[in-house]
There are 2 protein chains.
Amino acid sequence: MGTVSKALGLLDQFSRQRALIGLSDFARASGMNKATCHRMLTELAAHGFVEQVGAAREYRLGPQALRLAALREAAVPMREAAQPVLRALAQELGETVHLSVIVGENLKMLAYAYSATHAMTVMMEDADTLPWHATSSGLAVLAFGPQALARRVLAQPLLRLTAQTETDPDAIRARLAVVQAQGFAESASGFEEGVHSLAAPLFDAGATCCGALALAAPAARMGPELRSRVQSSLITAAQQITTLWGGQVPPAIADIWQGTPLPTQERA
Amino acid sequence: MGTVSKALGLLDQFSRQRALIGLSDFARASGMNKATCHRMLTELAAHGFVEQVGAAREYRLGPQALRLAALREAAVPMREAAQPVLRALAQELGETVHLSVIVGENLKMLAYAYSATHAMTVMMEDADTLPWHATSSGLAVLAFGPQALARRVLAQPLLRLTAQTETDPDAIRARLAVVQAQGFAESASGFEEGVHSLAAPLFDAGATCCGALALAAPAARMGPELRSRVQSSLITAAQQITTLWGGQVPPAIADIWQGTPLPTQERA
DNA sequence: GTGATCGGTTCATTATTTGAACCGTTGGTT
DNA sequence: AACCAACGGTTCAAATAATGAACCGATCAC
């Protein structure tokens, strides 16, 4: 890990809860020296990635993020393209829908949509990085993404987030086989108590899984009726988004999704 | 300039015209060694700032930009807040309106709005970084921003972009005094032949100029009638945006804008 | 006062970046 | 088919830039 990575890692400290971070806080949170943090933040500030604000001279994200995002969307309109599909899906099914993509070694949430149907819905503001092993999105990407990714992720220690979180790598590998067989992933209370979610993989132009589309609902509402509606709508929407992104669903998964399961399991 | 700055500088190579850049192109454009570029791009890719795509393994901006932009807008809704004002202004005056902010030592365009009134309008897609000395936006920020910025900028060699571009630092300093006196900046064909623009400064919470709001029109249409309408509407809109951003117009400039010019010039 | 913490700076030590040369591939030209 | 140039990527000794303990002045709570 080089100096650049350390500097970029500082930006990961920001979240919706922590929009303003002081120098000493950065040093503590990143485990780096205060002087090192200061120099890096100065360089980040010179390029507009962060800016200092107020009397306390705290740092917050800078306007450069907006410029880069605008360029990214102009070149690859992922977020804008997916957003209407998320909204439609959330409204149709009456539950929270969210979309995440692989960013480095993490799964990061890119967009979400709520439904106004129920007073109690799953909020996604707090989630930023989704744990691979404890969310349906994570399992979907592990199951359909590069095997190397799954190997690396499952080699690391897995955090127990709730009493229901599965943390045994072998047990998770077994679940991934199920995910591969049925074409979507499921997670009940693995991330947060009482939250049940389903997720379908999304693919890029090289037919490689690059993210997931998921629906999260209170476990109490996730009965057989909703579950089967979610399953089919989620898969349809995932196909839509993949197409909008110029991606391709691998034939094997397309077959499963079209209800013609393969006679033999191709992926091991 | 440290390693981090060099790496971040690579991201500035991207533009709407150049969304895909190869390794060797990066090395040439940045003047750095190919190996150096490669290591930096690898680190940027690990954090999702760039991603490799296609058979040619070229690089493009990655999804991390979207995440950071979403966080930035959640914390400081600058772009979203300003956009409706830009649209209204463009429609009212029938010309292209754009907004730029200071990013490091450069003036970068953040947002723009077109009018559907005329077939011929000034397009802003190509502009990304605005030259300080050759645009009304640049002059406005130099005139009302920190003196240190103007000093540094005018100490560097100034490029001649058109036959009308003023490149003499002293002549520009004289123009800045005029800008300060009238409360807005003007530039005729300094940036592009036949484009006439007016700009008003925008201020942050510390009453420091942090950007500019500008209107650009074909010189042929910029007669006395339009010019006076632009002048008053631009100032009103600049005040609106400054307020939306939680900023404060310095009293001296507010007085000028309200038509009560100060008896003596305060800023030198 | 007093002590703790803040953002920021210094400078000898140290670890990292750097870049010329090199590799295997690809794609066009002779 | 042989050739060549340009591509993305890698290597390793030499050079340079990053590092961190100690320090500074300011601020704040007590």
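Letters go in sequence order (proteins before strands), and every chain restarts at 1.
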Treat primed atoms plus P, OP1 and OP2 as sugar-phosphate and everything else as base, then score nucleotides 12-20 of chain D 5' to 3': B for base contact with protein heavy atoms under 4.0 Å, S for sugar-phosphate contact only, - for none.
-----SSBB
Quick one: how far along DNA chain C does chain A reach, first to last nucleotide 5' to 3', anything under 4.0 Å to a heavy atom?
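Answer, 5' to 3': C/dC6 to C/dT17.
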Measure the shortest side-chain to side-chain distance between [X] and [Y] over non-hydrogen atoms and say whether it is less than 4.5 angstrom.
{"X": "A/L8", "Y": "A/F49", "result": "no"}
{"X": "A/C210", "Y": "A/V101", "result": "no"}
{"X": "A/I172", "Y": "A/L139", "result": "yes"}

Is it true that a side-chain atom of [X] and a backbone atom of [Y] form a donor plus acceptor pair closer than 3.5 Å?
{"X": "A/Q180", "Y": "A/A143", "result": "yes"}
{"X": "B/D204", "Y": "B/G206", "result": "yes"}
{"X": "B/Q83", "Y": "B/Y112", "result": "yes"}
{"X": "A/E73", "Y": "A/R79", "result": "yes"}

Atom-pair distance ([atom1] on [X]; [atom2] on [N]), nearest Å:
{"X": "B/I21", "N": "D/dC7", "atom1": "CD1", "atom2": "C1'", "value": "16 Å"}
{"X": "B/F26", "N": "D/dA6", "atom1": "CZ", "atom2": "C1'", "value": "18 Å"}
{"X": "B/R57", "N": "D/dC7", "atom1": "CZ", "atom2": "C1'", "value": "12 Å"}

Terminal axis angle for the helix from C/dG1-D/dC30 to C/dT30-D/dA1, five pairs an end, nearest 10 degrees
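For the helix from C/dG1-D/dC30 to C/dT30-D/dA1, the axes at either end differ by 40°.
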Within residues 20-33 of chain A or reaching into it, pairs that qualify as salt bridge (Lys or Arg N to Asp or Glu O under 4.0 Å) - sequence neighbours excluded
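Qualifying pairs: A/D25-A/R28.
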Give me the atom names and distance for the closest heavy-atom approach of [X] to [Y].
{"X": "B/W132", "Y": "B/N106", "answer": "CZ2-C, 3.5 Å"}
{"X": "A/V50", "Y": "A/L41", "answer": "CG2-O, 3.7 Å"}
{"X": "B/A27", "Y": "B/N33", "answer": "CB-C, 4.3 Å"}

Taking any heavy-atom pair under 4.0 Å as a contact, classify B/E58: base, sugar-phosphate, or nothing.
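If one applies the 4.0 Å heavy-atom cut-off, B/E58 turns out to touch nothing in the nucleic acid.
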Just checking A/Y59: base, sugar-phosphate only, or nothing, at a heavy-atom cut-off of under 4.0 Å?
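Here A/Y59 touches the backbone only, sparing every base.
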Nucleotides 25-30 of chain D: which of its N/O atoms have a protein N/O under 3.5 Å away?
none

Closest-nucleotide ordering on DNA chain D, the 5'-leading residue of B/H38 and B/R28:
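Its nearest nucleotide being more 5', the pick is B/R28.
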Run through B/H38, B/R39, B/M40 and flag the one making a side chain to side chain contact (heavy atoms under 4.5 Å, CB included) with B/T42.
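Single side chain to side chain contact (heavy atoms under 4.5 Å, CB included) partner of B/T42 among B/H38, B/R39, B/M40: B/H38.
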Tell me which of B/K34 and A/G22 sits closer to the 5' end of DNA chain C, going by the nucleotide each one is nearest to.
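Looking at DNA chain C, the more 5' nearest nucleotide goes with A/G22.
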According to the side chain to side chain donor-acceptor pair (under 3.5 Å) rule, which pairs have a member within residues 43-54 of chain A, sequence neighbours left out?
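Counting only pairs at least two positions apart or across chains, the side chain to side chain donor-acceptor pair (under 3.5 Å) contacts touching residues 43-54 of chain A are A/E43-B/S5, A/E51-A/R60, A/E51-B/R72, A/Q52-A/Y59.
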Could you tell me whether the phosphate oxygens of D/dG9, OP1 or OP2, come under 4.0 Å of any side-chain nitrogen or oxygen in B/Q52?
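Answer yes for this pair, as a side-chain N or O of B/Q52 is under 4.0 Å from OP1 or OP2.
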